[in-house]
Structures are given as C-alpha cells and as structure tokens.
> 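Have a look at this one before I ask anything.
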Amino acid sequence: MASWWSWAGSALGVAFLFWVGACIGSFLNVVAYRLPRGEGLFSPPSRCPSCETRLRWTQNLPIFGWLLLGGRCRFCRSRISAQYPAVELITALLFAFFFAAWFGETSGQAWFGGALRPAWADPGIARMWPMLLLVYATIASLIAMTLIDAKTFMIPLSIPWFLTALALVTHPLHAAALSARSVTPLNAGWTIPIPAGAHGVGLMLGGLAGVVACALLLKLRVIPRSFADFERWAAESQRAGAGEQAEALDGGTAQLGPLLMRVLYLTAPAVSLMAGGFALGLQIGRPLEATLLGTLVGLGIGVVMRRYAPGGRDDAPRAGSRPDQSTIEPEWIRYPHARREATKELLCLACIALFAALGWFLGGVALADQPPLWMRALAGASAGYLIGGGIVWLVRIFGTIGFGKEAMGMGDVHLLAAVGAALGWLDPVLAFFTAPFFGIAWVVISATLLRGKGGVAVAMPFGPHLAAGTIAVLLAWPLYDRLVGTLLGTIAAAP
C-alpha cells in the first residue's frame, strides 16, 4: 500500500507540474510578444492580435485552447501561430520531466533509476524545492529569451536581471533556513559549487560588489557607456540610404545557403579548436584550460570567417538598387567604431577586478576561516554570475578589439551570467562549450528541412544556442559529469 501511495503521489506531482509548466509556457508567449513592443505583461487581457477581440478563458487554455479552436481565431478566423501550443507543450514537458527525474518515485525507487538526479536532490522535495524553483525559473527565462532573441536579435535585459536577482536572494535564504533548523542539506556543501574559505568568499562577493559599483559609475557617467552613439549612427546610416539593408534583415529571413554558411563559419572553428585543445591538453596535463582556450580562439576566428562566408559581406548597395538579403550584415556588425567602444568596457572589467581583489584581502581579514553557509551560498551564486558572464564578455571585448566588429552581444553576457547565478559556475561553462554544437546542428537541420523547397531560413543569433546548451547540461548532467571528471581527473561537483 505504501508503494502504491508513493507512486500515486509522484504521478500526481508530475501531472500537476505538467499543467503548471503549460500555464508558464502560455505566459512566456505573452512575454515574447509584448515585451519587445513595450506593452504591459498583465494588462490588457489576452486578445486576438488580428481582430483584438478579448479571449475567453475557455479559448485561452494552454495547449488545448489552440487545439479546440483548430489553430484559428473563433471571431475573425485568422490563423494562430503553432508557436503558442509548441512553447506551452515544451515548457510543460520540461517541468514534468525534471520533477520526475529528480524527485519522482515508483515502488520506492527513483524514476529513471535515479541516474539523472543531481546530488543536491537527494534530501527530497521538502527541503530542496527552492532549488527546483530556480531551475524552473532558469528554464522559463531561457525560453523567453530564445523566443525574443530569435525574432529581434535582442535580449531584454529585464529577463536575465530578474533571474539573477531571484538566484542571489534564493540561495542564501535557502541556506539560512536549513542552517536555522540544523539541517545538513548536502555532504558536499551546497546545491551549487561554493567557495570554502574566507578568501574565496571575499573574492566573489567583492566581484559582485564591483558589478554594482560599475553599474553605478555608468549611471553617473563617470565611466563612459559603450556603444552609446549606436542609435544615432544607425539613424544617420538610414538617412544615407542604408536603411533598406536593415529593413531586409528585420524581416527575419535570408537566403538559406548564405545564411547557413555564415552560421557554420562561426561555429565550426570553435568546435574544431575545442577538440584540438582537449587533445593537446591531455598531453600536457591541462585539458580543461586547453579546451577553454581552444574554444575562445575558435569563436574569435569564427567571427572573422563569418565575414568572408557567402553572404557575409557588408558592402553597401548601389544607389537606387534594393539590397540582396544574401549579402547583408546586421547593423551592429557594420558599426564602424566597435573597437573603440569595446575598449571602454575594459574600464568596467578593471573596476570589477579591483573590487574582487579588495574583497579577497578583506575576506581574509574580516571573515572567519569558515564563513556561515548562507554567505558561502551567496558567494557561490556570485561566482556563477561572474564566471558565466565573464566567459562571454571576454570573447566580446577581445574579439571586438581584435577584429574591429562586435563579436558578441551584451544580452549573451547577461544570459550566461544569470544562468551561472542560478545553477553555479560550472553549468554556464559547459553550456558555453556546448553552444557551438547546437549552431552546427541548426545548420544541418535547416538545410535538410528546407532543401529543394525554396524556403527561407530564420536568422539565428548565438543566444538561443547558449540557451539550448544550458538545457542540454541540465538534461544530460551524468554525461557532462563524466566528461568533467575526465578533464579534471576527479568527480565533478553537482550542477
């Protein structure tokens, strides 16, 4: 009887979280549609985008509402995009899967044999639900950012900022609550990797304070904001006759062959040098460092190669002629002062490094040798934020300085920083390594699906690949765990 109740309780939990995920997915569709337009997320109520008729609750049911309506508005009969039920279903499946894999039980045994469960989930859902909440918030944020970035080539910073703030609050409060009850959550320390000593805690908290100080100095204009004149340059460029190029790009499509080649030229060097760095690192005994260096160099080379791929030229169209979509670059790639602007970001980097060094020194002086768990948990979230964002930021700064074109967007920096704050520093590093493979996979799948059909490919920035890499790390953590164990020669920490 106990086994039956255990199975029934797990099944009910999975069903409940499936429906919660579907509702969250419905909200993510609203976020992806309204946020880029500057509209409110909660008001006005849901309505048809074509006839603007307010939808009834029966027509707004996640997944089933679209099916019952046959994919068309009941009032004006305009077609409703299949994106809506797809996003709702994907979110629902992810929510249900992670609960089943990490906390579900059947006949007293963990679902999937417990093979997919991270170490922090062992104490059970009653103690670890705040961490599961962070995982769900991360998944929802990644889906929202992917939907917006894929359409607009822009990530609204409010989304990663929200996830970062939630992580920086949840981790220390969760640790403090368990410590107050004299509960040891994990034998290994915490749900994410955390520094052990006072110097490490001070270093990470100092770095986080440096980020806050840098934001304040930017607001007060003590440090110049990079790319501050981009919008003015873009407006002047449009007035000069180059606006048609931006219009063609804003349509979101380009000829299939040239576009896919540009993606391949960007990601293939990263994958190749990643493998080469790993092989060389094994020989010299530094596989992780060599793999990371190979990936960074490969992405830098990819930025250059992308410009020489078919369709990668940014030549201005002749007067009176309409630009060919296969030969246009995004406006930010054509911005002529990228090297100068990226140099300004070194000031922010220096500010953060200075505060981190100061924190390391003060931590050793002011903190006990073993700081309280809540402080170490906050430092662990700070480490994830700094390392996750720092990887992409370094590629952005030095790639832009080296090649004179903006290498990565700041939205990508904030995306991976937020992932690190929620999941710890190791997950964004692994996601960064995985993202180029998704870029190549997108090339292959797009070429296969659209071959010979005269279709067009949707331009895909790097942010969605980073998001997909993060989901892959969560889904296949045991495989990554063994990989990291091979690289480090030890068992990796839990995600």
Side-chain angles (χ1 to χ4, degrees), residues 145 149 153-165 167-168 202-237 296 299-300 303 330-363 378-379 381-421 425 428 432 462-463 466:
M145 287 186 281
D149 198 16
F153 283 79
M154 175 199 69
I155 295 178
L157 296 185
S158 56
I159 300 177
W161 286 351
F162 166 78
L163 179 60
T164 299
L168 292 177
L203 177 71
M204 297 308 168
L205 295 182
L208 183 63
V211 173
V212 176
C214 181
L216 181 61
L217 292 175
L218 286 171
K219 187 174 182 62
L220 297 176
R221 298 185 179 181
V222 176
I223 295 179
R225 186 178 299 275
S226 64
F227 295 89
D229 66 340
F230 173 78
E231 292 185 1
R232 184 184 64 182
W233 171 85
E236 293 175 353
S237 177
L296 294 174
L299 280 175
V303 171
E331 250 185 335
W332 55 88
I333 296 295
R334 295 185 289 111
Y335 178 70
H337 309 301
R339 183 178 284 114
R340 177 197 68 193
E341 297 302 308
T343 304
K344 297 178 181 178
E345 297 180 15
L346 289 174
L347 296 175
C348 286
L349 195 63
C351 176
I352 296 172
L354 177 62
F355 271 80
L358 182 62
W360 182 88
F361 173 76
L362 293 178
L378 177 59
S382 302
Y385 180 85
L386 296 171
I387 296 174
I391 293 174
V392 185
W393 201 12
L394 289 174
V395 173
R396 167 184 168 83
I397 292 177
F398 293 107
T400 302
I401 292 176
F403 306 121
K405 299 293 179 181
E406 190 174 4
M408 305 280 286
M410 281 303 297
D412 299 332
V413 175
H414 286 277
L415 183 156
L416 219 54
V419 169
W425 69 266
F432 179 78
F462 200 61
L466 292 173

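Start at 1 with the first residue, then count along the sequence.
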> I need the minimum non-hydrogen distance between Trp393 and Cys348, along with the two atoms involved.
CH2-CB, 3.6 Å
> Applying the side chain to side chain contact (heavy atoms under 4.5 Å, CB included) criterion to Leu216, which one of Leu218, Leu220, Val212 satisfies it?
Leu220
> Decide if atom CH2 of Trp360 counts as having more than 12 heavy atoms of other residues, nucleotides or ligands within a radius under 6.0 Å.
no
> Mind checking whether Cys214 and Phe355 have side chains closer than 4.5 Å, heavy atoms only?
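In short, these two side chains do not touch, never coming nearer than 4.5 Å.
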> Return the minimal non-hydrogen interatomic distance between Leu386 and Met204, and the atom names on each side.
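The pair with the smallest heavy-atom distance is CD1-O, 3.7 Å.
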> Quick one: CG on Asp412 to CZ on Arg396, what's the gap to the nearest 0.5 Å?
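Here the rounded value is 9.0 Å.
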> State the CG-CZ distance between Asp229 and Phe227, to the nearest 0.5 angstrom.
9.0 Å
> Mind listing the closest non-hydrogen atom pair of Cys351 and Ala213 along with its distance?
SG-CB, 4.3 Å
> Calculate, to the nearest 0.5 Å, the distance between atoms CD1 and CG belonging to Ile159 and Asp149 respectively.
10.0 Å
> Is any side-chain heavy atom of Val392 closer than 4.5 Å to a side-chain heavy atom of Phe462?
no
> Can you tell me how far the NE2 atom of His337 sits from the OG1 atom of Thr400, to the nearest 0.5 Å?
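Reported value, rounded in 0.5 Å steps: 14.5 Å.
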> Taking the side chain as every heavy atom from C-beta outward, state whether Leu208 and Leu168 have any pair of such atoms under 4.5 Å apart.
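Leu208 vs Leu168: side chains touch.
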> Mind checking whether Pro428 and Ile391 have side chains closer than 4.5 Å, heavy atoms only?
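No - every pair of side-chain heavy atoms lies 4.5 Å or more apart.
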> With rounding to the nearest 0.5 Å, note down the distance linking NE2 in His414 to OH in Tyr385.
5.5 Å
> Mind checking the CG-CE spacing from Leu163 to Met145? Nearest 0.5 Å is all I need.
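It is 6.5 Å, given to the nearest 0.5 Å.
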> If you look at every heavy atom in Glu341 and Ser226, which pair is closest and at what distance?
O-CB, 3.3 Å
> Which atoms form the tightest heavy-atom contact between Leu346 and Phe398, and what is the distance?
CD2-CZ, 4.2 Å
> Looking at Pro224 and Leu347, what are the two nearest heavy atoms and their distance?
CD-CD1, 4.0 Å
